[in-house]
Amino acid sequence: MRFSRMHLPTLKEVPAEAEVISHRLMLRAGMIRRLAAGIYSYLPLGLLALRNVEEIIRQEMNRAGAQEVLLPAVQPAELWQESGRWDFYGKELLRIKDRHQRDYCFGPTHEEVITDLIRHEVRSYRQLPLNLYQIQTKFRDEIRPRFGLMRGREFIMKDAYSFDVDDAAAGLSYQSMREAYSRIFSRCGLNFRAVEADSGAIGGNFSHEFVVLAESGEDAIASCTDCDYAANIEKAESRFVDSATPSPEPTAAAPVEVATPDCESIKEVADFFGVAPEATIKSMIFESDLGFCMVVVPGDCEVNEIKVTAALGAEWLEIPPPARIADELGLPVGYLGPLNLSIPLLVDRQVPQMGEIICGANRAGFHLQGVLWGRDFKSQQMADLVLVRAGDLCPRCGSLLQIDRGIEVGHIFKLGTKYSEKLKATFLDQEGQEKNLVMGCYGIGVGRTVAAAIEQNYDDNGICFPYAIAPFKVALLNLDLKSEEVTAYCETLYKELQSRGISVIYDDRNERPGVKFKDADLIGVPLRLTLGRKGYKRGILEVKSRNSSVNEELPLDDRAPLWRLLDELAANDSRIPSQ
RNA sequence: CGGGAUGUGGCUCAGCCCGGUAGAGCACUGCGUUCGGGACGCAGGGGUCGGAGGUUCAAAUCCUCUCAUCCCGACCA
């Protein structure tokens, strides 16, 4: 591509809307433009990167035996009513009406559609296993779209759905997708982790997330510094050490009520009593479909709502506003405690071994000192309810856990028969028995993967694309358009690169050299070839890689070293993990 | 949906408190000079000041409403 003819509107200044680095750079590099909140157009450069990721995905999905389809973006309400998700999915589901006032939605995901398709097609175990995928635009009406392509409302996703005869076979499909995903993200040049995850709204009983490590990531993951345990922070567990130390003699026979004006946070309470947060407990009211309950954890811990939801067996969980807690329960937020409670109490497993603790008195402005588990309060329900922290012990091997931030680019789920039951997708097995198909689903955020790659590969001058997804592998800079020799050489080299199938951008613009260098850096071209009048006189072509690992001068009359270099780059920069 | 903020040429923003001629830089057009890390000079084009209503002799500026966007919390590829 000739730069002079390409629609590549690079920006010197950063639009104010951009917060994170990938968003800023994608705007500046002329890859995307915003149309509305969370809705973006792909410009030529952005689309090239996107297509590169898509191509890698297609290759690996096909290699794993999946077949590409394209399902409708607009889906009838009936299907969603049949699966029960029409009422359940919430406001994220963009609902639309056609001219006959019939209800439709713009697909946020395609379990219903694919299951409907398959139930009409698949009759026999002989047709299984089956794995179908598509790369398609989805719409989720996110409460708060942000960060450019990282959290758009309209976004491009690869989603795959597997159908198997039983759990064991579904496990094989899952495993094969897990491997395919590892290959995909490796080939994209990303530093990622596959972590155990909560299966969330999609449903199902087992899932892994693929998380690209990045400071700006919205996800936190816990991983073991020793073994290969890694899990989303929401799911992560830590090893519980039951230190059966006998509690020291109680200092008093009963808790003492102490006036603690304006002490509503753990920190304020701990400071007031002159103790560490670990000597207090945090009491929080939650509301779920099962009613109100109180959750109690050590003062220095954070409640993990996912674990609370699971421990309760609830469908949903939220923290009611303080006014509601006051009105409904007559309890003062900031001074809550587990004593003399009229609602169910859920206690973290660490609490019983805390000894004497400080907690709220359920009376505004007062806390209780010298509270003892067992004597002063008790609970039938005890569980692991807290978020893991760096330094906690790995549940598998007991080594230390570390916490990293990352961007979720892929998510795979074992769905089981959740959708096949609802939508009556069955087949006849070898014995002629009718059975529900066992499903799995597998998603990759394609645009988000491009953003994540940038988030992980940039410097002060712009994007440093991994070779595999770089829109252009080579930038050829002609610094002296007026020189006939230089231009003739560049034109020849340009055509030669093209004929070798190397995607190249030839900067033939009538611009000053500085502009060309800046643009080549900004758009992240891995290899830069530069020729100006001086170089031509010396008979050399300047070759520099974006990450500066290569910086040399090659003779103009021998291109063999250049081809060798390009082959190396291509080979090194899209590694596939050795299995 | 809560909490905070912002809407002024394509982009970044000043002007608003204290009402009176709409500004700068970047980008764009023309000419000239320049030419290895986002050049310079001169001359230009381009703005219903988000929208509606109000106050006023007079509103970008003050008031009311509305829309949009961004940032902080719950959802998710």
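Chain naming here is simple, since letters A, B, ... match the order of the sequence lines and numbering starts at 1 in each.
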Checklist entry - Could one point to a donor on the side chain of Arg153(A) or the base of C76(B) with an acceptor on the other under 3.5 Å away? => result no
Checklist entry - Taking the side chain of Glu408(A) as heavy atoms from C-beta outward, which of A77(B), U69(B), G36(B) is closest to it? => result A77(B)
Checklist entry - If you check the Arg512(A) side chain, which of G37(B), A77(B), U34(B) turns out closest? => result U34(B)
Checklist entry - Within the structure shown, what part of the strands sits under 4.0 Å from Leu522(A) by heavy-atom distance: base, sugar-phosphate, or nothing? => result base
Next on the checklist: By nearest atom, which of the nucleotides G36(B), A77(B), G37(B) is closest to the Pro513(A) side chain?
Outcome noted: G36(B)
Next on the checklist: Categorize Gly38(A) for me: base, sugar-phosphate, or nothing, with a 4.0 angstrom heavy-atom threshold over every strand shown.
Outcome noted: nothing
Next on the checklist: In whole Å, measure the gap between the C1' atoms of U12(B) and G47(B) for me.
Outcome noted: 16 Å
Item to check | Separation of G37(B) P from Lys516(A) NZ (nearest whole Å) | outcome: 13 Å
Checklist outcome for this item: Scanning all shown strands, the Watson-Crick or wobble mate of U6(B) with both distances under 3.5 Å is A68(B)
Checklist entry - U34(B) P sits how many Å from Asp480(A) CG, rounded? => result 14 Å
Next on the checklist: Is it the case that G38(B) (base atoms only) and Asp519(A) (side chain only) share a donor and an acceptor within less than 3.5 Å, ignoring hydrogens and angles?
Outcome noted: yes
Checklist entry - Does the distance from a Lys or Arg side-chain N to an Asp or Glu carboxylate O, for Glu54(A) and Lys158(A), drop under 4.0 Å? => result no
Checklist entry - Are there more than 12 heavy atoms of other residues, nucleotides or ligands under 6.0 Å from atom OH of Tyr489(A)? => result yes
Next on the checklist: Taking only the C1' atom of each, what is the distance from A14(B) to A24(B) in whole angstrom?
Outcome noted: 7 Å
Checklist outcome for this item: As its Watson-Crick or G-U partner within any shown strand, both distances under 3.5 Å, A43(B) has U29(B)
Checklist entry - Checking all strands, does Val409(A) fall into the base, sugar-phosphate, or nothing category for heavy-atom contacts under 4.0 angstrom? => result sugar-phosphate
Item to check | C13(B) pairs with, by Watson-Crick or G-U criteria that keep both distances under 3.5 Å | outcome: G23(B)
Checklist outcome for this item: pair_partner(U48(B)), Watson-Crick or wobble, both distances < 3.5 Å, evaluates to none
Checklist entry - Which base sits across from C1(B) as a Watson-Crick or G-U pair, both distances under 3.5 Å? => result G73(B)
Next on the checklist: Just the rounded figure in Å: distance from C1' of C35(B) to CG of Leu531(A).
Outcome noted: 15 Å
Checklist entry - Where the side chain of Glu142(A) is defined as all heavy atoms beyond and including C-beta, which of C76(B), U69(B), A39(B) is the nearest nucleotide? => result C76(B)
Checklist entry - Can a salt bridge be assigned to the pair Arg546(A) and Asp459(A) using a cut-off of 4.0 Å between side-chain N and carboxylate O? => result yes
Checklist entry - How is Lys482(A) classified with respect to the nucleic acid when contacts are heavy atoms under 4.0 Å: base, sugar-phosphate, or nothing? => result base
Checklist entry - Which value, in whole Å, describes the distance between the C1' atoms of nucleotides C65(B) and A77(B)? => result 39 Å
Checklist entry - If each of Arg146(A) and Phe210(A) is mapped to the nucleotide of RNA chain B with the nearest heavy atom, which maps nearer the 5' terminus, i.e. the 5' end? => result Arg146(A)
Next on the checklist: From CG of Leu8(A) over to P of A27(B), roughly how many Å is that when rounded to an integer?
Outcome noted: 16 Å
Checklist entry - Expressed in whole Å, how much space separates the C1' atoms belonging to C49(B) and A43(B)? => result 27 Å
Checklist entry - Who does U55(B) pair with, Watson-Crick or G-U, both distances under 3.5 Å? => result none
Item to check | G36(B) pyrimidine/purine six-ring stacking with Phe517(A), under 5.5 Å and 30° | outcome: no
Checklist entry - Between the side-chain atoms of Arg528(A) and the base atoms of G37(B), is any donor-acceptor pair under 3.5 Å? => result yes
Next on the checklist: Between Ala37(A) and Gly443(A), which residue's closest nucleotide on RNA chain B lies nearer the 5′ terminus?
Outcome noted: Ala37(A)
Next on the checklist: Roughly how many Å apart are C16(B) and G7(B), using the P atom of each and rounding to a whole number?
Outcome noted: 12 Å
Next on the checklist: Using atom P in both nucleotides, what's the gap between G3(B) and C13(B) to the nearest angstrom?
Outcome noted: 26 Å
Checklist entry - Glu13(A) has an atom CD; how far is it from atom C1' of G10(B), in whole Å? => result 11 Å
Next on the checklist: Under a 3.5 Å cut-off for both contacts, is A60(B) paired Watson-Crick or G-U wobble with anything, and if yes, with which nucleotide?
Outcome noted: none
Checklist outcome for this item: Between CD of Glu511(A) and C1' of C28(B) the distance, given in whole Å, is 13 Å
Checklist entry - Taking atom C1' of C76(B) as reference, at what distance in whole Å does atom CZ of Arg140(A) sit? => result 6 Å
Checklist entry - Base, sugar-phosphate, or nothing: which does Arg28(A) touch, judged by heavy atoms less than 4.0 Å apart? => result base
Checklist entry - With no angle test and no hydrogens, is the base of G36(B) tied to the side chain of Glu542(A) by a donor-acceptor pair under 3.5 Å? => result yes
Item to check | Sugar-phosphate only, base, or nothing, as touched by Arg533(A) at under 4.0 Å among non-hydrogen atoms | outcome: nothing
Checklist entry - In terms of side-chain heavy atoms, does Tyr442(A) have a donor or acceptor partner in His411(A) at a distance below 3.5 Å? => result no
Next on the checklist: Closer than 3.5 angstrom, by distance alone: can the side chain of Asp159(A) be matched with the main-chain N or O of Gly443(A) as a donor-acceptor pair?
Outcome noted: no
Checklist entry - Does a sphere of radius 6.0 Å around CD in Glu215(A) hold more than 12 heavy atoms from other residues, nucleotides or ligands, not counting ones at 6.0 Å or beyond? => result no
Checklist entry - So what does Asp219(A) hit on the nucleic acid, given a heavy-atom distance under 4.0 Å: a base, only sugar-phosphate, or nothing? => result base
Item to check | Non-hydrogen side-chain atoms of Asn457(A) and Asn547(A) separated by less than 4.5 Å | outcome: no
Next on the checklist: I need the CZ-P distance between Arg144(A) and A68(B), as an integer number of Å.
Outcome noted: 17 Å
Checklist entry - Which part of the nucleic acid, if any, lies within contact of Val446(A), taking any heavy atom under 4.0 Å across all strands shown: a base, the sugar-phosphate backbone alone, or nothing? => result nothing
Checklist entry - Between A27(B) and Lys12(A), is there an OP1 or OP2 to side-chain N/O distance shorter than 4.0 Å? => result yes
Checklist entry - Counting any heavy atom closer than 4.0 Å, what does Gly410(A) reach on the DNA or RNA strands: base, sugar-phosphate only, or nothing? => result sugar-phosphate
Next on the checklist: By nearest atom, which of the nucleotides C71(B), C75(B), C26(B) is closest to the Phe147(A) side chain?
Outcome noted: C71(B)
Checklist entry - Is it true that the side chains of Tyr419(A) and Asp116(A) contain a donor and an acceptor less than 3.5 Å apart? => result no
Checklist entry - Using atom P of each nucleotide, how far apart are U66(B) and G2(B) to the nearest Å? => result 12 Å
Checklist entry - Would you say Arg33(A)'s side chain and Tyr42(A)'s backbone share a donor-acceptor pair under 3.5 angstrom? => result no
Next on the checklist: Syn or anti for U21(B)? Use the chi torsion, O4'-C1'-N9-C4 for purines and O4'-C1'-N1-C2 for pyrimidines, with syn inside 90° of 0.
Outcome noted: syn
Item to check | P gap between G51(B) and U56(B), integer Å | outcome: 23 Å
